[in-house]
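Okay, structure first, notes after.
All heavy atoms count here, side chains included; hydrogens, waters and symmetry mates do not.
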Amino acid sequence: MTHYIDERTAKEKHALAKKLKEVERKARKKAIRERDQFKGLQISPSASYEDDAPRREPGDDNWSGFGFDLHPHVTFISSFVLVVFIVLTLMFEAESASFFNDALSLITGNLGWFLILVSNLFIIAALYFALSKFGHIRIGGVEAQPEFSTLGWYAMLLSAGMGIGLMFWSVGEPMFHFQTPSPIFNGIEPGTPEAAQAAMGVTYFHWGIHPWAIYAIVALGLAFFAYNRGLPLTIRSVFYPLLGDKIYGFWGNVIDILSVLATLVGLATSLGLGVQQVNAGLDHLFGIGISTQMQVILIAVITGFATLSVFAGLDAGVKRLSEANMAMAAIFMLFLLFVGPTVYLLSGFTQNLGFYLTILPEMSLWTETFRDSNWQGSWTVFYWAWWISWSPFVGMFIARISKGRTVREFIFGVILIPTLLSFLWMSVFGGAALNLQVDGVADIAAAVNDDVAKAMFAMLDNFPIAEVLSGIAVILVTIFFVTSSDSGSLVVDHLTSGGKLDSPTTQRVFWAVMEGVVAAVLLIGGGLTTLQTASVTTGLPFALVLLVGVYSLYIGLNQELYVETAVKKAVSDAEDEHKLHEAVETVVQGNSATTPETAGTS
């Protein structure tokens, strides 16, 4: 009898599961039909998504030929703008430096407040998406599973956080602020312990939550619309809730053109800084001299290595280089931590973190309104514009590795893990330089004032095996250059090929070469000031694009939540109906068992 009851219960559970599955399928289909119509490009339709509209394929508007497979409007217009910029800069080389310097002062002096405000809005938006009703939405749909372990995902986020910028500024920026404290710290004397604390606090501010909130928002938009809604992995896809099918037309082209220009200039800025540091390191080791001509030659050579990496492919090329570089960078940092003033550096990390959290609210919204100065133009405003320019590049990488994560896990993982790594890196390198300067062991400040690219090597001269460490630093920056160029060409290739993931290798080589050319032209046009001007000029309009993108992402998440809520309600109603049916059957069977004859007998 017991065996019969168990078998019957198992059959009932199986029937219920089958029924609920059918109810969920119908409810999802009905909810999707009742929400705003959506016509997507299915790149990898693994989400629980149904759409009766005709399918489109990524790159169906492309032009193919001569080893290229590209979207004509996005590619030709962005290439034309870049070529005009290159030609004009080279034709008027003498006037370029003055023009870029004036442009930087004009933009930062009049519109810096906007970039500061927008950067804070990205933090608010990221926290809202993570902590609100949207937090449990899963990238890729309710049944999506992460492609990488949590530890592996964190490791890749750390690799996204490492780059040329940390190598270039980790010694130079704290020393700049130590000598000339930010005007927000009224009354602090340069070269004092208070100035050292302020210097590290400002450095943390520029490399902390703000940049990673920008990256998180862009990455979330790309990942959600690609994996949950089946659109191509390009910035235009984020705007589907607002533009609909118009993302395949004029407005979508405008968005992707701005994305291409912002990404290329952001990359060129990093590559320009990187090659300056490589030049300084090689001069430090071998006395080759420091000049723009030498830096252009180095760009050509290193870009050649980047093209070889492109031909090798993602797995054999950029993946292996990235893994090797991360391991080398970790060993490099740990060596300095343990042979240097270890307690000082670790204590500084803790104290700097507390000071950063203290100044964060005021520093985030400070705009020098009541001062006749433009300190932020060369620092905060430049950084925020640079991060915005970089956001399609970093955002696409993060989106590609984050399928299966909830929105909450995604936001906090992207913001907190790389931020803490950046803080630790800055504390070790910046803290070591400040320690040498304060104790009078070495004059790192003089090296920074002479050429900020030399700062790292001036600091390393005071550690054991200094020449080996300087050589490792040069190798690190070079590999960062190669992997950034390779990965950047992949991102720009996505944007200029209508979202295709398998475009020709020659096309990526073209963009890798173009990145090197733009970096070289920016150096010829005026060096560091030109690099800063380029980032601010492209970051400003792209900030507007991203601001609208945040609202579009909000609409998309709302639509997703509507479907999930409708499905859960339908399933819950079906379960309640099943339980009610079982209860009625039990009562009926009980009544039929108690017949009049049975009652009379008893």
Could you go through the side chain to side chain contact (heavy atoms under 4.5 Å, CB included) check for Asn253 and Ile77 one step at a time? CA-CA 9 Å; Asn253 294 338; Ile77 294 175; over 6 Å; no
Let's go through Trp511 and Thr496 carefully: what are the C-alpha distance in whole Å and the side-chain angles of both, what is the deciding distance for side chain to side chain donor-acceptor pair (under 3.5 Å) to 0.1 Å, and is it a yes or a no? CA-CA 10 Å; Trp511 288 116; Thr496 55; 3.2 Å; yes
Would Trp387 and Phe542 count as a ring-ring contact (aromatic ring centres under 6.0 Å, His included) here? Give the steps. CA-CA 11 Å; Trp387 305 143; Phe542 198 60; over 10 Å; no
Decide side chain to side chain contact (heavy atoms under 4.5 Å, CB included) for Trp212 and Ile417; before the verdict, give the C-alpha distance in whole Å, the side-chain angles of both, and the deciding distance to 0.1 Å. CA-CA 10 Å; Trp212 288 101; Ile417 300 301; over 6 Å; no
Mind running side chain to side chain contact (heavy atoms under 4.5 Å, CB included) on Tyr204 and Leu360 for me, showing each step along the way? CA-CA 10 Å; Tyr204 270 32; Leu360 182 60; over 6 Å; no
Step by step, work out the side chain to side chain contact (heavy atoms under 4.5 Å, CB included) result for Met333 and Trp425. CA-CA 7 Å; Met333 181 183 71; Trp425 183 275; 3.7 Å; yes
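Separation of the His210 and Phe122 ring centroids does not fall under the 6.0 Å cut-off.
A donor and an acceptor atom, one from each side chain of Asn228 and Arg138, are nowhere located under 3.5 Å apart. In this structure, a donor-acceptor pair under 3.5 Å is present between the side chains of Ser270 and Trp390.
When atom types are taken as modelled, the side chain of Thr367 and the backbone of Trp113 share no donor-acceptor pair closer than 3.5 angstrom. Of the possible donor and acceptor atoms, one in the side chain of Ser489 sits under 3.5 Å from a partner among the backbone N and O of Ser485. A donor-acceptor pair is defined here as one N or O able to donate and one able to accept, closer than 3.5 Å; such a pair exists between the side chain of Thr483 and the backbone of Phe480. The backbone N or O of Gln376 sits less than 3.5 Å from a side-chain atom of Glu368, completing a donor-acceptor pair. One N or O on the side chain of Arg236 and one on the backbone of Ile247 form a donor-acceptor pair closer than 3.5 Å.
Smallest separation of non-hydrogen atoms from Thr380 and Phe205: CG2-CE2, 3.9 Å. Here the closest non-hydrogen pair linking Leu115 and Ala385 is CD1-CB, 4.0 Å. Ile411 and Ala216 make their closest contact through CD1-CB, 4.1 Å (heavy atoms, listed as atom of the first residue, atom of the second, distance). Nearest heavy-atom pair across Val74 and Ile257 is CA-CG1, 3.8 Å. In terms of heavy atoms, Gly413 sits closest to Pro418 at O-CD, 3.5 Å. The shortest non-hydrogen separation linking Ser182 to Val202 is CB-CG2, 4.3 Å.
With sequence neighbours excluded, the residues that form a side chain to side chain donor-acceptor pair (under 3.5 Å) with Glu173 are His177, His206, Trp207, Tyr383.
Ring geometry, Tyr128 versus Tyr554: the interplanar angle falls from 30° to 60°, so the pair is classed tilted. The aromatic rings of Trp375 and Trp366 sit tilted relative to each other, their planes meeting at an angle between 30° and 60°.
A heavy-atom distance below 4.5 Å is found between the side chains of Leu544 and Phe114. No side-chain heavy atom of Asn325 sits less than 4.5 Å from a side-chain heavy atom of Val482. Two residues are said to be in side-chain contact when any heavy atoms from C-beta on lie closer than 4.5 Å; Leu261 and Ser78 meet this criterion. Side-chain contact between Phe382 and Thr533 is absent, with no heavy-atom pair separated by less than 4.5 Å. Taking the side chain as every heavy atom from C-beta outward, Leu220 and Arg405 never approach each other to under 4.5 Å. Looking at heavy atoms from C-beta onward, Phe412 lies in side-chain contact with Leu131 at the 4.5 angstrom threshold. Under the 4.5 Å side-chain criterion, counting only non-hydrogen atoms from C-beta, Leu557 is in contact with Ile137. Between His494 and Leu222 there is no side-chain heavy-atom pair separated by less than 4.5 Å.
Interatomic distance, OG of Ser237 versus CG of Asp256, reported as 7.5 Å (0.5 Å rounding). The line from OH of Tyr356 to CE of Met426 is 12.5 Å long, rounded to the nearest 0.5 Å. Between the CZ atom in Phe349 and the CG atom in Asn352 there is a gap of 9.0 Å [rounded to 0.5 Å]. How far CD1 of Ile388 is from OH of Tyr215: 10.0 Å, rounded to the nearest 0.5 Å. Glu515 CD to Phe510 CZ: the interatomic distance, rounded to the nearest 0.5 Å, is 10.5 Å. Taking CG of Leu233 as the start and CG of Leu495 as the end, the distance is 8.5 Å to the nearest 0.5 Å.
In this structure, Arg508 does not pair ionically with Asp493, as no charged nitrogen and carboxylate oxygen lie closer than 4.0 Å.
Atom CZ of Phe80 sits in a sparse spot, with 12 or fewer heavy atoms from other residues, nucleotides or ligands closer than 6.0 Å. Tyr551 OH: 12 or fewer foreign heavy atoms inside a 6.0 Å radius.
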